[in-house]
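Below you'll find the structure, written out as structure tokens, and then a few comments.
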Amino acid sequence: MGERHVRRQVPRWSELRPLVRVEVPAWRRRARVRRAASIADLRSLARRHTPRAAFDYVDGAAEGELSHARSRAAFARVEFRPRVLRDVSDVDTGTTLLGRPAALPLVLAPTGFTRMMHHEGEHAVAAAAAATGVPYTLSTMGTVAPEELAGSGERWFQLYLWRDRAATKDLVARAAAAGFRALMLTVDTPVSGSRLRDVRDGLTIPPNLTLRTLVDMGRHPSWWWHLLSTPPLRFASLDSTDGALADLVDRVFDPSITLADLAWLRDVWTGPLIVKGVLDAADARTVVDAGADAVVVSNHGGRQLDRVATPLEVLPAVVEAVGGRAEVYLDGGVLDGADVVAAVGLGARACLVGRAYLYGLMAGGQDGVTRALDILRADVRRTLALLGARTIDQLGPDRVRLRP
Ligand SMILES: Cc1cc2nc3c(=O)[nH]c(=O)nc-3n(C[C@H](O)[C@H](O)[C@H](O)COP(=O)(O)O)c2cc1C
């Protein structure tokens, strides 16, 4: 019997003490945000601190939410092939995006209505991105105007081509004057997707809050207080356009847009041009022929067409079709740094993230976005080291593949 050979002693605190780190329980929200170990932890905090309608607006997707679930499932198919005995004591996660250095192969995606998630809104997200050294993309549907975000950090502007081309041209000029360096045209929204959670929650554009939504908001007094004590939520970029809010969707989403409009925009905008929402290799080739400097392989976070192709699965074909003539980015379901590394290994120059930073924002404003970015950065660094790669350039199909 092994027990006979065991010597026992009275437990001594002096021996135990070096092994124990007494941590005060994280009662306070800030402490909880700082201790979040993953984006999933931030999502749990976000759910607790944000009214259901706002949380669902971020968390939800279109129709049966299959596109979004499949984006996540594709990342579960990733298989890494590490190489050993490579000195990885000094891992460099940096890259260049459209000719400028970035600390990570990561871009914060454009998301509309950001001040609804947390009153610090786009300011918090842009500041956290600048501090981390990655680009931030302001949405046409943003709740602060481009001029309000003028400042440090690499900023890109996302455009929905409006029916009113003169107003579109004005908006693009405003973005350029405010220091936004690249323009990202979103092309997967000829019409709006059907987000059933928003319909059930009574969240529509224009906002149409049901009694149930209001009661739910009452359970989050701090969120409610901040909403009421800060300027009203508005689509800040749309101020210069006339017309009632009811016409908004009609004006923002133009179902008649074609390649000729892309050519028009290429003339209007002289800086780097990105086309977001491509899922087909031939389309990717066409938009690059029309002058795009980058394409985003994206299903809009599963928020547009449900059961659409999965970005990670079509990525290699798009990369091949583009053939190095433009940068290729990927988004949809990226929730940790290993996802980013996997996408880069399969040919993406960088990933965009939407929900990952919005969960952080809802969990704790700028601190929460910073925490989300810290988590992603640590993941990328660790995954590179474990793969035996010192730099982003060393990632390729030999290190990453998709299991059948
Ligand atoms: C709440 C929310 C709002 C969004 N608003 C926009 C938008 O205004 N313009 C746009 O091009 N994409 C928008 N997107 C899509 C994102 O830019 C991005 O494609 C998507 O979030 C990537 O998937 P992920 O959230 O799983 O990272 C939005 C996404 C979310 C979650």
Side-chain angles (χ1 to χ4, degrees), residues 39-40 42-43 46 50 53-62 65 67-75 106-118 121-122 125 129 135-144 146 156-162 171 182-190 192-193 195 197-198 201 203 205 233 235-238 248-249 252-253 257 274-279 295-305 308 310-312 329-337 339-340 343 348 350-362 369 372-373 376:
I39 303 293
L42 289 172
R43 179 177 178 270
T50 320
F55 178 82
D56 275 351
Y57 175 65
V58 171
D59 197 60
E65 305 194 352
S67 292
H68 183 47
R70 288 179 189 170
S71 294
R72 285 299 308 144
F75 284 110
L106 192 75
V107 177
L108 302 201
T111 58
F113 236 14
T114 311
R115 278 204 297 124
M116 181 175 72
M117 288 51 146
H118 189 279
E122 286 90 344
V125 184
Y136 168 64
T137 320
L138 175 66
S139 163
T140 295
M141 309 298 278
T143 40
V144 308
W156 299 353
F157 188 78
Q158 178 266 325
L159 184 72
Y160 285 126
L161 211 70
W162 301 340
L171 180 61
L183 191 68
M184 182 184 286
L185 176 70
T186 300
V187 293
D188 56 7
T189 52
S192 182
R195 320 229 172 104
R197 290 202 220 180
D198 295 350
D201 290 338
L203 183 82
I205 296 171
L233 285 179
F235 291 113
S237 291
L238 306 188
L248 180 91
V249 171
V252 170
F253 300 129
I257 126 171
I274 307 157
V275 175
K276 171 172 180 278
V278 174
L279 284 170
V295 292
V296 189
V297 181
S298 169
N299 62 13
H300 210 107
R303 301 162 72 83
Q304 285 297 105
L305 180 62
V308 77
T310 303
L312 195 67
Y329 309 142
L330 172 133
D331 78 13
V334 172
L335 286 183
D336 64 43
D339 295 342
V340 176
C351 284
L352 274 61
V353 286
R355 294 180 183 88
Y357 78 77
L358 289 175
Y359 293 139
L361 182 69
M362 290 189 286
V369 181
L373 293 176
L376 293 171

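All ligand and atom numbering here is 1-based and tracks the order in the structure.
Using a 4.5 Å cut-off on side-chain heavy atoms (C-beta onward), Phe235 and Thr140 make no contact.
Checked against Cys351 for a side chain to side chain contact (heavy atoms under 4.5 Å, CB included), the options Asp331, Leu330, Leu376, Asp339 give a single hit: Leu330.
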Do any nitrogen or oxygen atoms of ligand 1 lie under 3.5 Å from a protein nitrogen or oxygen, and which ones?
unit_1, atom_1, unit_2, atom_2, d
ligand 1, 5 (N), Gly112, N, 3.0
ligand 1, 8 (O), Gly112, N, 3.4
ligand 1, 8 (O), Ser139, OG, 2.7
ligand 1, 9 (N), Gln158, OE1, 3.2
ligand 1, 9 (N), Tyr160, OH, 2.9
ligand 1, 11 (O), Thr186, OG1, 2.7
ligand 1, 11 (O), Lys276, NZ, 3.0
ligand 1, 12 (N), Pro110, O, 3.4
ligand 1, 12 (N), Lys276, NZ, 3.0
ligand 1, 12 (N), His300, NE2, 3.3
ligand 1, 14 (N), Pro110, O, 3.3
ligand 1, 17 (O), Pro110, O, 2.7
ligand 1, 17 (O), Lys276, NZ, 3.1
ligand 1, 19 (O), Lys276, NZ, 3.1
ligand 1, 19 (O), Asp331, OD2, 2.6
ligand 1, 25 (O), Arg355, N, 2.8
ligand 1, 25 (O), Arg355, NH1, 3.1
ligand 1, 26 (O), Gly333, N, 2.8
ligand 1, 26 (O), Arg355, NH1, 2.8
ligand 1, 27 (O), Gly354, N, 2.9

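Taking the six-membered ring where the residue is Trp, Phe113 and Tyr57 present perpendicular rings, their angle passing 60° and hence far from 30°.
Judged purely by distance below 3.5 Å, without hydrogens or angles, the side chains of Gln304 and Thr189 never pair a donor atom with an acceptor atom. Side-chain atoms of Thr137 and Gln158 form no donor-acceptor pair, as typed in the model, at a separation below 3.5 Å.
In this structure Arg303 satisfies the salt bridge (Lys or Arg N to Asp or Glu O under 4.0 Å) test with no other residue, sequence neighbours excluded.
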